[in-house]
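Okay, structure first, notes after.
First listed ligand is number 1; within each ligand, the first listed atom is number 1. Atom set for the values below is all heavy atoms of this structure, side chains included, hydrogens, waters and symmetry mates excluded.
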Amino acid sequence: MESLSQMAEQWLGLHLSAEQEAALEWYGAELLRWNERMNLTAIRTPEDVRVKHLLDSLSVLTVTGCLNGKRVVDVGTGAGFPGLVLKIACPQMRLTLVEAVGKKLNFCEHVAAELGLDGVEFLHARAEEIGRQDEHREAYDVAVARAVARLPVLAEYLLPLVRLGGIMVAQKGETAPQEAQAARYAVGVLGGSLEKVQKVELPHITEVRYLVLVRKVAPTPARYPRRAGIPSKRPLAP
Ligand code: SAM
């Protein structure tokens with residue numbers, strides 16, 4: 001298999017320095033080491049980690065462009081995907097990681113400390129809570145999430161956090177086009193406008209990957225997000 005930086009260049013048009021590649025490779029190896037005693041990922045081999053976690057996370061940059069200087073929030077980050085990968089690729093971005101499960105966030109803190117990443121905030125919280133807090137509401141240029149919820153629900157988690165003119169990016173599998181259609185109502189109510197559903201081609205995998213990009217075009221009404229648990233129980237629908 002080619003190196004991570006070769007694959008990033010060839011498949012995503014992204015350049016990684018030798019230091020960035022080494023940091024990402026260490027992160028992937030550390031994930032597998034921790035995974036022996038704690039369930040952080042279903043992905044078990046270094047090759048799969050490289051493509052399905054690292055390269056897949058980097059693919060976000062193909063729709064956002066470089067994130068240096070931007071304020072970014074990753075909701076439901078788990079073991080740090082895509083947030084920490086984006087931070088390694090764009091060290092001058094300010095990153096907030098939001099995760100409901102504390103032990104996963106502990107792993108993220110460990111990775112950031114070991115790699116000397118600064119400008120990272122770790123929030124052990126639910127998206128619905130921080131979406132109502134002044135310091136986070138409509139405060140981010142970009143809100144991202146991978147494998148967290150279906151789009152109508154995810155829009156209620158992410159759009160309250162995005163500033164006017166900013167974007168939310170959802171990393172999705174093959175159901176993305178249908179989900180995007182089904183989410184049009186929710187996206188509109190929350191102040192968003194669906195901009196594009198972009199297919200992502202990655203090597204060595206059969207899964208279809210998409211990036212769904214929604215722009216914030218109007219303020220999110222004050223009643224959203226609803227209480228924790230309600231968005232997933234009663235997704236916004238016409
Ligand atoms: N984004 C990571 C990835 O792609 O590897 C983790 C995906 S994992 C399937 C989904 C994560 O989202 C879980 O760690 C879960 O605890 C978190 N999560 C789900 N709903 C959440 C919410 N409302 N607020 C914060 N975290 C949430």
Worksheet item: From Cys66 SG over to Met93 CE, what is the distance, rounded to the nearest 0.5 angstrom?
Response: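 Answer for the SG-CE pair, Cys66 versus Met93, is 10.0 Å.
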Worksheet item: Roughly how far, to the nearest 0.5 Å, is the CG atom of Leu151 from the CG atom of Leu194?
Response: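 One gets 8.5 Å once the value is rounded to the nearest 0.5 Å.
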Practice prompt. Taking the side chain as every heavy atom from C-beta outward, state whether Arg150 and Pro235 have any pair of such atoms under 4.5 Å apart.
Written response: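 In short, these two side chains do not touch, never coming nearer than 4.5 Å.
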Discussion item. Any non-hydrogen side-chain atom of Val60 less than 4.5 Å from a side-chain atom of Leu86?
Written reply: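 Yes - at least one pair of side-chain heavy atoms lies under 4.5 Å apart.
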If you take the nearest heavy atom of each of [options], which one is closest to [atom]?
{"atom": "atom 13 (C) of ligand 1", "options": "Lys103, Glu129, Glu156, Glu99", "value": "Glu99"}
{"atom": "atom 10 (C) of ligand 1", "options": "Ala100, Ser57, Ala147", "value": "Ala147"}
{"atom": "atom 22 (C) of ligand 1", "options": "Ala127, Gly80, Gly76", "value": "Ala127"}

Discussion item. Between Glu128 and Arg227, is the salt bridge (charged side-chain N to carboxylate O under 4.0 Å, His left out) condition met? List the steps.
Written reply: CA-CA 6 Å; Glu128 301 93 313; Arg227 266 188 305 115; over 6 Å; no
Item to complete: For Glu195 and Val212, run side chain to side chain contact (heavy atoms under 4.5 Å, CB included): C-alpha distance rounded to whole Å, both residues' side-chain angles, the deciding distance at 0.1 Å, then the answer.
Response: CA-CA 8 Å; Glu195 207 159 280; Val212 179; over 6 Å; no
Worksheet item: Any sub-3.5 Å donor-acceptor pair from Glu114's side-chain atoms to Val111's backbone N or O?
Response: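 No; judged by distance alone, with no hydrogens or angles, the pair does not exist.
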Looking only at protein heavy atoms, identify the closest one to [atom] and say how far it is in Å.
{"atom": "atom 19 (C) of ligand 1", "answer": "Val148 CG1, 3.8 Å"}
{"atom": "atom 25 (C) of ligand 1", "answer": "Ala125 O, 3.5 Å"}
{"atom": "atom 4 (O) of ligand 1", "answer": "Arg146 NE, 2.6 Å"}

Worksheet entry | Passing option when Phe107 is tested against Trp34, Phe81, Phe122 for ring pair (Phe, Tyr, Trp, His ring centres under 6.0 Å) |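 Answer after filtering Trp34, Phe81, Phe122: Trp34.
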[X], portion touching ligand 1 at heavy-atom distance under 4.0 Å:
{"X": "Thr77", "value": "backbone"}
{"X": "Ser232", "value": "neither"}
{"X": "Lys104", "value": "side chain"}

Worksheet item: Is Glu128 close to ligand 1, meaning an N/O of one under 3.5 Å from an N/O of the other?
Response: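 Glu128 vs ligand 1: N/O contact under 3.5 Å present.
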Fill in: Atom indices of ligand 1, in the order listed, that fall short of 4.0 Å to a heavy atom of Tyr157
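Counting atoms of ligand 1 from 1, those under 4.0 Å from Tyr157 are 23 (N).
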